[in-house]
Amino acid sequence: MLSLNFIRANSELVRQGVRRKGEQAPIEEILELDRQHRQLVGEEEGLRAELNSSSARVGALARVGDPAAALLRDSLGDLKARVQEVQLRRKGHEDRLQELLLLVPNVPHESVPDGTSDDDNITVRTWGAQPQFDFEPQTHFDLGETIGIFDFERAVKISGSRFAMLRGEGARLERALSTLMLDIATRERGYSEVAPPYMVNRNCMVGTANLPKFEEDAFHVVEGDRFLIPTAEVPVTNMYREEILDAESLPIRHVAWTPCWRSEAGAPGRDTRGYIRMHQFSKVELVKFVRPEDSLTELEALVADSESVLQALGLHYRVRLMCAGDMGFAQWKKYDIDAWAPGMGRYLEVSSCSAFGDFQARRAGIRFRSANAKPEYVHTLNGSALALPRTFDCLIETYQTGQGTVRVPDRLQPYMGGATEIS
RNA sequence: GGGGAGGUGGCUGAGUGGCCGAAAGCGCCCGCCUGCUAAGCGGGUGACGGGGCAUAACCUCGUCCGAGGGUUCGAAUCCCUCCCUUCCCGCCA
């Protein structure tokens, strides 16, 4: 959420940011409501100050037994009614203003390029090269069915479309990948591991800006009005909601492995084949809380942390700076990392690394305080390191041998009980 | 599921209708003292918003004692609903 002060003082910048993202936001209505609201606040507070001092006088008179107390007391009913009337109007404005503010997207950082679609994203670097094969590389779903590590039919039978099931060495491979990713984050990149709840309350979803605008993207658990997390970003970012952190504790870096659930409401018909776009998948997520001035350097470091996993696995990838129109509602600046899937002959997005500025912190009330200073909102960031299914796909497509087997990369072998190949 | 206790500032914790934005302690900041450090002494120290004002300092007003309603001239304090914590019993592992 943007602060009202910010919108008031930078309304043109905000309008432009909304436009650059290709979104709509009720900026004019907010500015007008804000004007009216502040006027009502002034009016109400004047009346209330009068009522407060009169009430105090009633108390003082009553204490010394002055009969004027009763007289004054009885005369205050009218004033009270006026206070209540103005208060009601002020609250109406306030609630409406709050609702509207939650609908204003974050403004892209100035270093974010213009653009409206994926075509306008900028590849900032690549690592490795597309592997060459002396045979026709298979897709992960063909290969995986052959080896017997996927069982899509039974997943559909027990849960429906967009659910997948791994079996045998496949299940083990995904578990091994998860553990490797967690180990890299905790032992090599300085993150502290957390294992958060997989269901969160409504406030958390609002805090990370998954609500109110995107309720149809999430799975809702009616009992208790909770939501299945669409990403570990939600519980982990909200760990410190409504807290004032000690400045010395920043930056805070957490990593979490969790399942993620998404309704994929906006993607019917997309990526229906393969282990790519599931209602449930798992992901290792990095989340950071940093001082505002460190935000963008921390973003670059975050991307490097995610890349280190792909490098450890020896997978070719590219890093893309997202254009304004292809960024999400809450992002300030964002990079995607796409790994190469040679069987499919395309890149798969395995990570999305975002800086949010204080947009989420403001919604969630996450602040920090330096000695002798006023509390300030932290900046939040997060990125996948990495999404499991697509990393899994790229890995088996990259390391297929042509003999119906898949070589296990060196770094992963200790996590696979020393196995060098799966078949 | 039944019954009891409770949710107060960065933290601990007093406060049952006005003199309470809130004692005391801890922490933190400033100063004094002191070879250094610690201790000791003195003082200061909540958040958010409106207005004045340069979106500084400062002044002023208002709101905030889990959340939301209500009673009252006046609520941390009384009433109602909800959330959470905790204890005992029951239930299930």
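In what follows, chains are A, B, ... by sequence order, proteins preceding strands, each numbered from 1.
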Looking only at G50(B), C61(B), C73(B), the nucleotide nearest the Ala49(A) side chain is C61(B)

Hey, does Arg90(A) reach any base, or is it just sugar-phosphate, or nothing, if we go heavy atoms under 4.0 Å? nothing

Give a yes or no on whether Gln24(A) atom CD has more than 12 heavy-atom contacts from other residues, nucleotides or ligands under 6.0 Å away. no

Applying the 3.5 Å cut-off to both distances, the Watson-Crick or G-U partner of C65(B) turns out to be none

Testing G18(B), U63(B), U72(B) for proximity to the side chain of Arg48(A), the answer is U63(B)

Result for 5'-nearest mapping on RNA chain B, choosing between Asp74(A) and Arg226(A), is Asp74(A)

Worksheet item: Leu51(A) near the nucleic acid: base, sugar-phosphate alone, or nothing, with a heavy-atom cut-off under 4.0 Å?
Response: sugar-phosphate

Comparing nearest nucleotides in RNA chain B, the 5'-proximal residue of the pair Ala60(A), Glu50(A) is Ala60(A)

>> Quick check: Tyr275(A) with Phe150(A) (ring centres under 6.0 Å apart)?
In response: yes

Base of G50(B) paired with side chain of Glu44(A) (donor-acceptor, under 3.5 Å): no

Closest to the side chain of Arg73(A), out of C73(B), G50(B), G10(B), is C73(B)

query = Touch check for Asp246(A), heavy atoms < 4.0 angstrom, all strands: base, sugar-phosphate only, or nothing?
reply = nothing

Out of A47(B), G50(B), G69(B), minimum distance to the side chain of Arg367(A) belongs to A47(B)

Which of G62(B), G18(B), G46(B) is nearest the side chain of Val58(A)? It is G18(B)

Self-check item: Stepwise side-chain hydrogen bond (donor to acceptor under 3.5 Å, both in side chains) test for Glu193(A) and His254(A)
Solution: CA-CA 6 Å; Glu193(A) 185 173 350; His254(A) 288 306; over 6 Å; no

Rounded to whole Å, NZ of Lys91(A) lies from P of U63(B) at a distance of 12 Å

